[in-house]
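For reference, the structure discussed in these notes is given below.
For this chain, numbers begin at 1 and follow the sequence in order.
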Amino acid sequence: MNYNITDTTIAEPCASSMILTFRAIGYNLEAAVADIIDNSISANAKNIWFNSEWQGGNSFITILDDGCGMNHEELVQAMKPGAKNPMDERSEKDLGRFGLGLKTASFSQCKKLIVLSKKAGFAPIYWI
């Protein structure tokens with residue numbers, strides 16, 4: 001059979017269902033924060049600041065670092081589930097493997113994720 005002439009269909013996942021799936025993966029708070037901090041270390045951060053405000057349903061956590069930051073394209077890639085090929089070569093300091101850590105760690109603990117980043121030579125960007 002010649003698969004070059006076979007019709008194909010893209011099966012895109014439903015974003016809201018994916019987020020609910022991420023919430024059920026089973027991280028505890030400590031493991032989720034450690035996964036985010038690993039991203040800071042991979043970005044060569046020398047300092048990482050952690051803050052938490054417990055206000056019932058309006059509680060939040062912020063994790064800030066002085067790492068290399070991301071430009072727009074890099075942030076879009078970082079927010080795509082599974083965007084990283086586990087077979088790709090990566091730095092010895094990069095503990096990430098599948099491109100899921102930021103999303104799964106964050107959504108296991110929250111319903112809303114905001115990412116702000118600034119890479120040298122690029123405008124600041126954010127993702128809500």
Value rounded to 0.5 Å, distance of [atom1] in [X] from [atom2] in [Y]:
X      : Y      : atom1 : atom2 : result
Ile41  : Ile36  : CD1   : CD1   : 12.0 Å
Asn47  : Asp66  : CG    : CG    : 4.5 Å
Glu74  : Met79  : CD    : CE    : 14.5 Å
Ile63  : Ile48  : CD1   : CD1   : 8.5 Å
Trp127 : Ile114 : CH2   : CD1   : 13.0 Å
Leu75  : Phe122 : CG    : CZ    : 12.5 Å

Quick check on the hydrophobic clustering: are [X] and [Y] connected, directly or via other members, by side-chain heavy-atom contacts under 4.5 Å?
X      : Y      : value
Trp54  : Val33  : yes
Trp49  : Leu29  : no
Leu113 : Leu116 : no

Note, Thr62 side chain near Phe50 side chain (heavy atom, < 4.5 Å):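 Of all side-chain heavy-atom pairs linking Phe50 with Thr62, none is under 4.5 Å.
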
Distance-only side-chain donor-acceptor flag, Tyr126 / Ser117, under 3.5 Å: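 No donor-acceptor contact under 3.5 Å links the two side chains.
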
Nearest heavy-atom neighbours spanning Ala32 and Gln109: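 The answer is CB-CG, 3.6 Å.
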
Non-neighbouring partners of Ser108 that pass side-chain hydrogen bond (donor to acceptor under 3.5 Å, both in side chains), sequence neighbours left out: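 Expected list: none.
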
Lys103 side chain vs Ala78 backbone, donor-acceptor pair below 3.5 Å: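 Yes; judged by distance alone, with no hydrogens or angles, the pair exists.
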
Audit row: Asn51, Ile61, side chain to side chain contact (heavy atoms under 4.5 Å, CB included) steps and yes/no: CA-CA 6 Å; Asn51 183 51; Ile61 292 174; over 6 Å; no

